[in-house]
Amino acid sequence: MTIPFSNWSHQSDLYARGLGHALRSYRLPDFDQAIANDPSFYEKLRRDPVVAFCLRYRKLLAAGEDWSIEPASPRPEDKELAAVIEGMLRNVKSLPNALFNLAEAVVAGSRWAGIEGSKKTLRLGSNPNAYEWWVITNLVDSDKRNFRRMPKHAGGSHNDSGLGGRRDWQWQYYQPYSLDWSPIERHHFVKHTFDNNESTLGFGSGLASELYAYFYSKTAVLRDGLQFIERWSNGILSAAVDSLRDGQASTLASTRATNWLNELEKMRSRHVLVYDKNDEIKVLEPPKGGWDAAKDCLAYLDGAMRVLILGASLPTEAEVEGGSFAMAKVQQSSTAAIVAHDRALLEETITEDVIKNCLWRLNYPTLSYIGLADASPPVFRIRDSKKSDPSIQADLLLKAKQAGLRIKINEAYAKLGYEVPNVGDECLEPDPAQAPGMPTPGSNTSQPGVIPNGLPGNQEDRIADPLPLGQAQIQDPNAMNPNAMPGQSEIPQ
């Protein structure tokens with residue numbers, strides 16, 4: 001019978017004591033096991049084509065294809081601030097590439113980007129006047145190995161706030177030209193962290209530590225497998241040696257075997273065998289069981305790393321057995337959940353470090369001058385990269401309008417993959433036999449709720465009125481064709 005509390009051990013205190021020792025050291029260490037074992041592991045990891053593809057694919061999904069700025073609330077001042085911030089971010093050079101680089105935190109645990117900017121005179125939002133704004137021009141990618149975390153005060157003084165007192169820490173950046181570390185201003189950098197918890201001490205924890213053992217196991221299997229391929233392609237030569245042949249009894253059998261071995265190696269290098277017809281030489285093929293084991297091991301290691309990164313094994317596998325459709329559905333949900341989490345972290349990073357700590361803070365005097373002092377900072381959003389089928393969207397728009405739903409003109413055009421035409425644009429004229437219910441902005445100014453092109457107004461407020469339920473929109477084709485014979489009818493396409 002097991003008595004409760006009889007198997008207590010001091011090992012349960014090891015984590016707390018180790019954490020306390022790390023927090024009291026002269027600097028906060030980065031407990032990345034992959035880097036501790038191999039300082040260049042991040043670079044080696046991308047030499048594997050399977051791992052490189054999976055990492056790039058996940059980063060592309062997290063970065064998305066487009067982005068938008070979401071107001072903090074429906075208040076007019078919050079919407080105006082969102083429009084101003086979006087105009088500022090449009091000045092950032094290659095923002096999608098910056099998001100892609102920040103998504104590298106999935107591997108390393110954290111990723112940094114230096115903020116470069118300048119003052120520009122711009123018209124932002126709905127305000128017709130131009131003002132001087134401080135805008136970001138570039139986000140310079142930087143590896144986490146360029147940063148370290150040190151105490152603010154020399155000698156490691158403590159701030160007694162909190163239980164047991166806590167140290168004040170600061171991030172330092174290595175200056176490559178001065179060859180020295182210098183403290184940084186936090187609002188000058190963007191820091192994206194993945195899987196940040198107590199044990200990571202602010203550095204985050206990526207997938208590199210989990211990939212380390214499998215990656216080097218695959219390296220060993222590839223090395224042994226290539227050696228097997230060399231032996232298998234060349235084969236094994238077997239030569240029977242008769243030590244008493246030709247009366248050479250005084251010659252040792254080992255000496256004759258050594259001479260034969262040297263001669264066979266020379267002939268193999270020249271891809272030819274020349275021997276006496278009485279000599280017995282055979283070419284043996286090595287067993288294939290070793291190669292089959294190596295292939296199975298490689299497939300297992302690739303599958304494990306693929307599932308670890310993407311949460312699914314089917315995206316890059318064509319050969320699947322029974323139940324592949326159901327398995328694909330499950331794994332698609334797993335990948336979608338992973339991507340949603342990555343995007344949420346990336347959106348929060350841009351919202352906090354770029355919008356709030358940088359653009360909103362540095363431009364607050366100008367924002368107050370134009371009446372946006374009480375506006376709340378907006379939120380950065382990454383749009384879904386899925387493409388919609390225009391034919392399906394057109395059918396849905398038709399059904400939605402026939403059901404009495406009010407649809408915004410710009411959203412209808414966006415669903416179909418087109419832009420709302422402006423004044424002066426050459427456009428295709430609508431067919432008189434147009435499908436009933438399709439919105440045509442500007443073509444019928446008598447419809448209520450539709451603002452024609454050329455009149456002031458927000459495009460978001462341009463809404464096509466729905467059809468009254470039960471009202472048929474069937475036009476008499478004879479009225480459109482005066483030359484038609486009585487009783488003649490045509491079906492418009």
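No experiment lies behind these values; they were computed from the predicted model shown.
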Check your understanding: Is a side-chain donor-acceptor pair under 3.5 Å present for S199 with N197?
Key ->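 Yes, S199 and N197 have a side-chain donor paired with an acceptor closer than 3.5 Å.
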Point to revise | Side chains of K191 and T193, donor plus acceptor under 3.5 Å | key: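 Judged by distance alone, the side chains do pair up.
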Within a radius of less than 6.0 Å around [atom1] of [X], do more than 12 heavy atoms belonging to other residues, nucleotides or ligands occur?
{"X": "N97", "atom1": "CG", "result": "yes"}
{"X": "Y300", "atom1": "OH", "result": "no"}
{"X": "Y214", "atom1": "OH", "result": "no"}
{"X": "R75", "atom1": "CZ", "result": "yes"}

For a quick test of reading the model, state the closest non-hydrogen atom pair linking [X] to [Y] and the distance between them.
{"X": "V190", "Y": "T349", "value": "CG1-CG2, 3.6 Å"}
{"X": "C54", "Y": "R306", "value": "SG-CG, 3.7 Å"}
{"X": "Y413", "Y": "P421", "value": "CE2-CD, 3.8 Å"}
{"X": "A375", "Y": "L81", "value": "CB-CD2, 3.7 Å"}
{"X": "C297", "Y": "V221", "value": "SG-CG2, 3.6 Å"}
{"X": "P183", "Y": "Q170", "value": "CB-OE1, 3.7 Å"}

Exercise for review: Might you work through the salt bridge (Lys or Arg N to Asp or Glu O under 4.0 Å) test for D342 and K59, ending with a clear yes or no?
Suggested key: CA-CA 9 Å; D342 293 347; K59 290 167 61 178; over 6 Å; no
**Study point:** Within 45° cone of W67 ring axis and under 6.0 Å: R90 NZ or CZ
**Key:**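 Yes, cation above the ring, under 6.0 Å and within 45°.
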So, taking the atom named [atom1] in [X] and the one named [atom2] in [Y], what distance separates them when rounded to the nearest 0.5 Å?
{"X": "N138", "Y": "N91", "atom1": "CG", "atom2": "CG", "result": "12.0 Å"}
{"X": "L99", "Y": "L139", "atom1": "CG", "atom2": "CG", "result": "8.0 Å"}
{"X": "Q172", "Y": "N146", "atom1": "CD", "atom2": "CG", "result": "13.0 Å"}
{"X": "S68", "Y": "E86", "atom1": "OG", "atom2": "CD", "result": "7.0 Å"}
{"X": "K356", "Y": "I85", "atom1": "NZ", "atom2": "CD1", "result": "11.5 Å"}
{"X": "S73", "Y": "D78", "atom1": "OG", "atom2": "CG", "result": "3.5 Å"}

Exercise for review: Check step by step if salt bridge (Lys or Arg N to Asp or Glu O under 4.0 Å) holds for K152 and D168.
Suggested key: CA-CA 6 Å; K152 281 188 177 181; D168 290 332; 5.6 Å; no
Point to revise | Worked check of side chain to side chain contact (heavy atoms under 4.5 Å, CB included) between M305 and L211 | key: CA-CA 7 Å; M305 291 188 291; L211 292 170; 3.7 Å; yes
Please examine the side chains of [Y] and [X], heavy atoms only from C-beta on, and report whether any two atoms are closer than 4.5 Å.
{"X": "N422", "Y": "D425", "value": "yes"}
{"X": "L207", "Y": "V107", "value": "no"}
{"X": "E210", "Y": "L308", "value": "yes"}
{"X": "I338", "Y": "L310", "value": "no"}
{"X": "K120", "Y": "S118", "value": "yes"}
{"X": "L201", "Y": "L19", "value": "yes"}

Check your understanding: Could you go step by step and tell me if E116 and T137 meet the side chain to side chain donor-acceptor pair (under 3.5 Å) rule?
Key -> CA-CA 6 Å; E116 295 181 351; T137 57; 4.9 Å; no
Backbone of [Y] reached by a side-chain donor or acceptor of [X] within 3.5 Å:
{"X": "R343", "Y": "R383", "answer": "yes"}
{"X": "N127", "Y": "R123", "answer": "no"}
{"X": "N357", "Y": "H187", "answer": "no"}
{"X": "E347", "Y": "I382", "answer": "yes"}
{"X": "T351", "Y": "F380", "answer": "yes"}
{"X": "R58", "Y": "I309", "answer": "yes"}
{"X": "T121", "Y": "E132", "answer": "no"}
{"X": "R148", "Y": "P29", "answer": "no"}
{"X": "S376", "Y": "A72", "answer": "no"}

Check your understanding: Do any pairs count as a side-chain hydrogen bond (donor to acceptor under 3.5 Å, both in side chains) and have a residue in residues 34-55, sequence neighbours left out, and if so which ones?
Key ->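 Counting only pairs at least two positions apart or across chains, the side-chain hydrogen bond (donor to acceptor under 3.5 Å, both in side chains) contacts touching residues 34-55 are D32-Y42, D38-S40, D38-K44, D38-Y216, E43-R145, R46-E104, D48-K218.
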Practice item. Verify side chain to side chain contact (heavy atoms under 4.5 Å, CB included) between D195 and T200, making sure each step is shown before the conclusion. Key: CA-CA 8 Å; D195 194 10; T200 62; 6.0 Å; no
Exercise for review: Pick out which of W181, W169, W112 makes a ring-ring contact (aromatic ring centres under 6.0 Å, His included) with F147.
Suggested key: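 Going through the options one by one, the only one that passes is W112.
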**Study point:** Candidate pair R111 and K144, rule side chain to side chain contact (heavy atoms under 4.5 Å, CB included), full reasoning
**Key:** CA-CA 5 Å; R111 194 73 176 184; K144 78 165 184 177; over 6 Å; no
Point to revise | Worked check of side chain to side chain contact (heavy atoms under 4.5 Å, CB included) between I35 and D30 | key: CA-CA 9 Å; I35 295 300; D30 182 10; 5.9 Å; no
Can you list, pair by pair, the side-chain donor-acceptor contacts under 3.5 Å of residues 362-370, counting residues two or more places apart and other chains?
{"from": "N363", "atom 1": "OD1", "to": "W134", "atom 2": "N", "distance (Å)": "2.7"}
{"from": "N363", "atom 1": "ND2", "to": "W134", "atom 2": "O", "distance (Å)": "2.9"}
{"from": "N363", "atom 1": "ND2", "to": "L359", "atom 2": "O", "distance (Å)": "2.8"}
{"from": "Y364", "atom 1": "OH", "to": "A373", "atom 2": "O", "distance (Å)": "3.3"}
{"from": "S368", "atom 1": "OG", "to": "Y364", "atom 2": "O", "distance (Å)": "2.9"}

Check your understanding: Are F215 and F41 near enough that their ring centres are under 6.0 Å apart?
Key ->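 When the ring centroids of F215 and F41 are compared, they turn out to be within the sub-6.0 Å range.
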Check your understanding: Ring centres of F189 and Y173 under 6.0 Å apart?
Key ->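 For F189 and Y173, the ring centres are under 6.0 Å apart.
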Point to revise | Which residues share a side-chain contact (heavy atoms from CB on, under 4.5 Å) with L179, sequence neighbours left out | key: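 Y174.
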